[in-house]
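Report on the following structure.
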There are 2 protein chains.
Amino acid sequence: MARGNEVVKEVEWRIKVEEDETLQKTVVGCIWAVTAGVALKLCKFVKKAWELGVNDPRKFIHCLKVGIALSAVSLFYYWKPLYDGVGGNAMWAVMTVVVVFEYTAGATICKTVNRMFGTSLAGFLGIGVHWVASRAGEQWEPVIVGVSLFLLASAATFSRFIPTLKARFDYGILIFILTFSLVSVSGYRVDELLVMAQYRICTIIIGSILCIIISVIIRPIWAGFELFVLVTGNLDKLANSLQCCVAQYFGGSEASEDSDEMSDKKLLGYKCVLSSKATEETMANFARWEPAHGRFNFRHPWRQYVKIGASMRSCASCLDALIGCINSDNQASDDMKKNMSSISMKLGANCASVIRELATTIRKMAKSSKLDILVTDMNSAAQELRSLLNPYPNLVNAPSHNAKISTQTETASPDDQAAKIEIPLMEIIQVVTVASLLIEIVARVEGIVENVEELSVLANFQAEMCVKSKQHTSDSKVSPDQQNDDDPLDTPNGLRYTIYIYMRSTLHI
Amino acid sequence: MARGNEVVKEVEWRIKVEEDETLQKTVVGCIWAVTAGVALKLCKFVKKAWELGVNDPRKFIHCLKVGIALSAVSLFYYWKPLYDGVGGNAMWAVMTVVVVFEYTAGATICKTVNRMFGTSLAGFLGIGVHWVASRAGEQWEPVIVGVSLFLLASAATFSRFIPTLKARFDYGILIFILTFSLVSVSGYRVDELLVMAQYRICTIIIGSILCIIISVIIRPIWAGFELFVLVTGNLDKLANSLQCCVAQYFGGSEASEDSDEMSDKKLLGYKCVLSSKATEETMANFARWEPAHGRFNFRHPWRQYVKIGASMRSCASCLDALIGCINSDNQASDDMKKNMSSISMKLGANCASVIRELATTIRKMAKSSKLDILVTDMNSAAQELRSLLNPYPNLVNAPSHNAKISTQTETASPDDQAAKIEIPLMEIIQVVTVASLLIEIVARVEGIVENVEELSVLANFQAEMCVKSKQHTSDSKVSPDQQNDDDPLDTPNGLRYTIYIYMRSTLHI
């Protein structure tokens with residue numbers, strides 16, 4: 001019996017141990033699963049982030065630049081002679097570097113200049129107000145300082161709503177409010193206000209200058225150049241989309257030489273054009289703070305690129321409607337399509353050539369000799385399309401269409417001639433719409449041409465011949481920038497240009 | 001002789017005096033002119049700025065709020081017990097208020113939360129690194145701190161490029177870098193680092209909370225509500241533009257009831273839709289930081305408004321192409337226009353009604369009972385337009401057109417019947433394109449409908465009847481918000497709604 005009890009106990013114990021082990025295993029499994037899940041997510045995130053950097057290595061370089069700037073400015077603390085010079089105010093230099101260092105040189109310069117002027121102006125004003133207040137007696141001092149702070153801060157905040165000020169001096173006004181508050185208010189407690197303000201302005205200026213130097217010297221990323229690449233790249237994308245869309249519609253699937261994925265990517269390139277308004281405006285705002293760099297002068301007409309972008313968007317929105325119509329349910333008759341395909345594809349190709357030539361014009365910064373011819377070609381192709389549409393028989397007399405009509409009429413009506421008129425407009429509506437939108441696109445491409453020509457006047461583009469001959473005669477004198485620009489830009493191919501930009505940024509040529 | 005000399009001298013003197021007087025007058029005149037010019041420009045600038053504020057009085061109120069927040073936080077300096085508590089660290093409270101106080105409550109909350117968490121996290125990390133470094137001996141301390149600063153700053157800077165982090169935590173990461181640098185680096189010189197960090201975090205939290213309170217309590221401007229008003233307003237603008245454009249084209253000048261200026265403004269309303277992408281995204285990003293307010297929950301699906309905006313833009317770009325085609329040189333024949341005018345205008349009006357109903361749905365936050373009927377109406381009108389285009393004779397048999405053809409044929413050819421086919425397609429191309437684009441617009445309006453329906457599911461819109469009956473039965477319980485919303489929103493009129501919003505913001509109802 002006792003033995004039997006022992007056996008039962010042992011079995012129970014075993015069951016219990018086994019249960020415990022199962023529970024333990026479950027818990028451990030759960031923990032493992034959760035850990036693995038989190039690790040997997042983290043891995044994916046890191047991989048994505050890494051790809052982001054690999055796709056544009058300049059992002060990595062920017063991060064290193066920030067690290068270098070911060071390490072350099074922290075010498076104010078590590079190196080005793082420097083720390084003895086400025087003391088705790090070294091904090092302001094560190095703060096300046098962190099807040100002011102931006103991705104593009106233009107943004108950094110804009111912020112540093114704003115910070116320096118905002119700080120200096122507010123510093124002087126704050127000291128002035130403090131001086132007046134301290135003369136008014138101890139009772140009135142906080143009142144005068146408080147009222148002036150309230151009024152100036154409110155007014156300065158309001159000025160940030162004014163578009164012209166906001167575009168250029170938004171950060172400066174913020175810093176003005178900040179410094180004025182700190183100086184005027186802390187003047188109530190701090191004794192050596194003038195000395196403090198002096199140190200603070202000095203350290204801010206040192207931090208600012210350090211930022212500008214590092215931002216401009218080590219692999220600078222110019223907002224102007226970015227804008228330039230964005231606009232010319234968008235022109236190429238628009239040209240590709242336009243040509244691809246017309247070719248796909250009229251030429252059918254056999255017309256496209258690229259794979260499906262590639263041609264889809266090409267087709268949807270215009271979406272980038274539609275969505276790059278904000279980026280263009282930001283870049284143009286920053287670009288005007290930049291000094292002369294590469295082939296751009298200090299007063300390069302950056303606003304004109306924004307205008308070109310706007311005219312591109314107007315063209316892209318028309319293309320969007322065109323692609324929408326093509327994808328709609330109404331299918332056009334094949335005869336009609338065939339009839340118009342050659343001239344439409346020619347018009348599409350001509351439009352694309354004009355847009356590509358515009359991109360080349362901007363890239364080479366030289367007035368194109370071919371542009372006028374291309375525009376004339378485009379207009380004459382548009383005229384041809386118009387005249388093809390003009391006398392209706394052109395379309396009706398297409399052989400198979402005629403046959404179709406006659407089969408209809410045989411059964412329907414004895415009056416053959418009158419019945420011929422009954423051509424379903426539904427069958428031609430899509431082709432007519434596509435043609436009409438193509439003609440509208442031509443008009444909008446002319447808008448881009450006008451804007452680019454305005455740019456060529458504003459930026460003093462020289463005639464292409466002059467540029468070429470200059471480059472031939474003074475080959476030894478040209479900057480590496482120009483030397484490298486000439487060759488790859490000769491063929492305005494988006495992909496090659498992207499590779500070129502990438503190579504350029506990687507090799508720092 | 002001496003007398004003569006004297007006379008000459010006097011004359012010379014007089015001439016000199018007169019010359020001096022002329023010079024003086026010229027200089028004074030110049031100064032006056034310059035002063036007047038500057039004053040005039042300044043006056044114009046101030047007038048413009050004033051108008052900016054008068055058009056949206058909330059801007060004035062925001063400025064006053066900033067003034068109040070700054071005056072409140074400067075009590076840290078003026079009021080001795082407070083100053084004794086935190087000392088010079090009061091500076092951080094002032095700085096927080098200046099930097100963090102934004103126009104919308106959402107933006108302010110986003111920045112304060114980012115600032116508080118960024119500061120705290122970086123503070124702890126910085127103290128940790130400082131502790132490790134101080135254990136490593138005096139020689140290694142700057143190396144460890146410097147390397148960790150370099151690595152962390154670079155990594156944090158890189159994380160600002162990752163879109164998901166950038167949208168929500170950009171400011172927090174910036175503050176993280178700032179605080180980490182200040183704490184870890186200044187730890188090398190400052191003795192009581194822990195006390196300093198504690199004071200600093202405390203003052204930053206006090207400043208942040210002050211900002212949130214003032215931003216949320218005194219006439220709050222909610223980013224979510226702004227987004228809501230922007231999207232519904234844009235829907236109305238799109239509807240007006242569409243209806244106005246179709247009415248102007250088909251109805252001619254006599255159709256428009258408004259003045260020219262008014263109808264031009266209506267017609268171009270869609271441009272606002274095209275250009276509000278950036279604003280919508282910013283507002284949606286800030287809106288999700290806001291607590292429940294008005295009729296919006298904490299987790300209101302703000303991203304869906306961005307989607308609705310995108311589908312609106314797709315519709316607006318089609319409308320842009322339509323307006324471009326209407327303004328092109330090809331003029332349509334009047335007969336054709338007349339033939340199609342009634343159905344096209346009906347379709348335009350139907351589309352506009354659907355869009356307006358969508359705006360009303362969003363405004364009332366109640367599923368519309370009419371929407372399905374309106375969409376069916378719109379689709380049947382589109383079908384009608386399609387079927388009108390289908391059998392061509394509808395168009396050819398218009399009386400005056402027939403007459404025109406017969407006059408042509410009398411002189412041209414003896415074969416009357418065959419000649420009837422020679423109808424210049426050029427004359428119908430514009431009308432056909434307009435019709436085709438209208439049909440495309442219908443398809444895109446359906447895209448907006450889908451997105452709004454998705455919103456109504458995500459945000460749990462109730463059926464209209466429920467909302468009305470609820471409001472009738474519990475009239476005493478409804479919030480002033482709902483009470484005021486019901487009446488003016490019943491007629492989805494853009495102008496009235498704007499006035500309502502304005503009244504609401506002015507009277508703070």
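Just the heavy atoms: all of them, side chains too, but no hydrogens, waters or symmetry mates, feed the values below. In what follows, every chain begins at residue 1, and chains take the letters A, B, ... in the order their sequences are listed.
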Exercise for the section: Identify which part of Trp79(A) has an atom lying under 4.5 Å from any heavy atom of chain B, answering side chain, backbone, both or neither. Expected result: backbone

Problem - Parallel, tilted or perpendicular, as decided by the 30° and 60° cut-offs, for the rings of Tyr103(B) and Phe161(A) - result: perpendicular

Practice task
Look up atom CD1 in Ile144(B) and atom CD in Gln139(B), then write down how far apart they are to the nearest 0.5 Å.
Solution key: 11.5 Å

Handout entry: chain B contact via Leu70(A) - which portion, at a heavy-atom distance below 4.5 Å
Key = both

Practice task
Heavy-atom distances under 4.5 Å only: say whether Ser275(A) touches chain B with side chain, backbone, both or neither.
Solution key: both

Handout entry: Contacts of Ser154(A) that satisfy side-chain hydrogen bond (donor to acceptor under 3.5 Å, both in side chains) - sequence neighbours left out
Key = none

Practice task
Inspect the surroundings of CD in Glu51(A) and state if more than 12 heavy atoms from other residues, nucleotides or ligands are less than 6.0 Å away.
Solution key: yes

Practice task
Please flag which part of Leu274(B) lies under 4.5 Å from any non-hydrogen atom of chain A: side chain, backbone, both or neither.
Solution key: neither

Practice task
With a 4.5 angstrom heavy-atom cut-off, could you sort out which part of Ala443(A) is near chain B: side chain, backbone, both or neither?
Solution key: neither

Exercise for the section: Against chain B, label Arg313(A) side chain, backbone, both or neither, depending on which of its atoms sit under 4.5 Å from a heavy atom there. Expected result: neither

Practice task
Name the option with the most non-hydrogen atom pairs under 4.5 Å to chain B; the candidates are Cys63(A), Gly67(A), Ala321(A).
Solution key: Cys63(A)

Exercise for the section: Tell me, for Val185(A) versus chain B, whether the close heavy atoms (under 4.5 Å) come from the side chain, the backbone, both or neither. Expected result: both

Exercise for the section: Return the minimal non-hydrogen interatomic distance between Ala122(A) and Phe176(A), and the atom names on each side. Expected result: CB-O, 3.2 Å

Problem - Ile323(B) side, atom CD1; Cys318(B) side, atom SG - distance, nearest 0.5 Å - result: 11.0 Å

Completion exercise
Under 4.5 Å to a heavy atom of chain B? For Ile68(A) that would be both

Practice task
Under 4.5 Å, counting heavy-atom pairs only, tell me which of Phe150(B), Tyr77(B), Phe60(B) racks up the most with chain A.
Solution key: Tyr77(B)

Practice task
Please flag which part of Lys59(A) lies under 4.5 Å from any non-hydrogen atom of chain B: side chain, backbone, both or neither.
Solution key: both

Practice task
Using non-hydrogen atoms and a 4.5 Å limit, figure out which bit of Val145(B) sits close to chain A: side chain, backbone, both or neither.
Solution key: both

Exercise for the section: List for me each residue that meets ring-ring contact (aromatic ring centres under 6.0 Å, His included) alongside Phe180(B), sequence neighbours excluded, and say none if there are none. Expected result: none

Completion exercise
Okay, Phe45(A) and chain B: the region with an atom under 4.5 Å from a heavy atom over there is side chain

Practice task
Identify which of Val434(A), Leu178(A), Val94(A) forms the greatest number of heavy-atom pairs closer than 4.5 Å to chain B.
Solution key: Leu178(A)

Completion exercise
d(Asp320(A) CG, Glu440(B) CD) to nearest 0.5 Å is 8.0 Å

Practice task
Check step by step if side-chain hydrogen bond (donor to acceptor under 3.5 Å, both in side chains) holds for Thr433(A) and Ser436(B).
Solution key: CA-CA 7 Å; Thr433(A) 308; Ser436(B) 175; 2.8 Å; yes

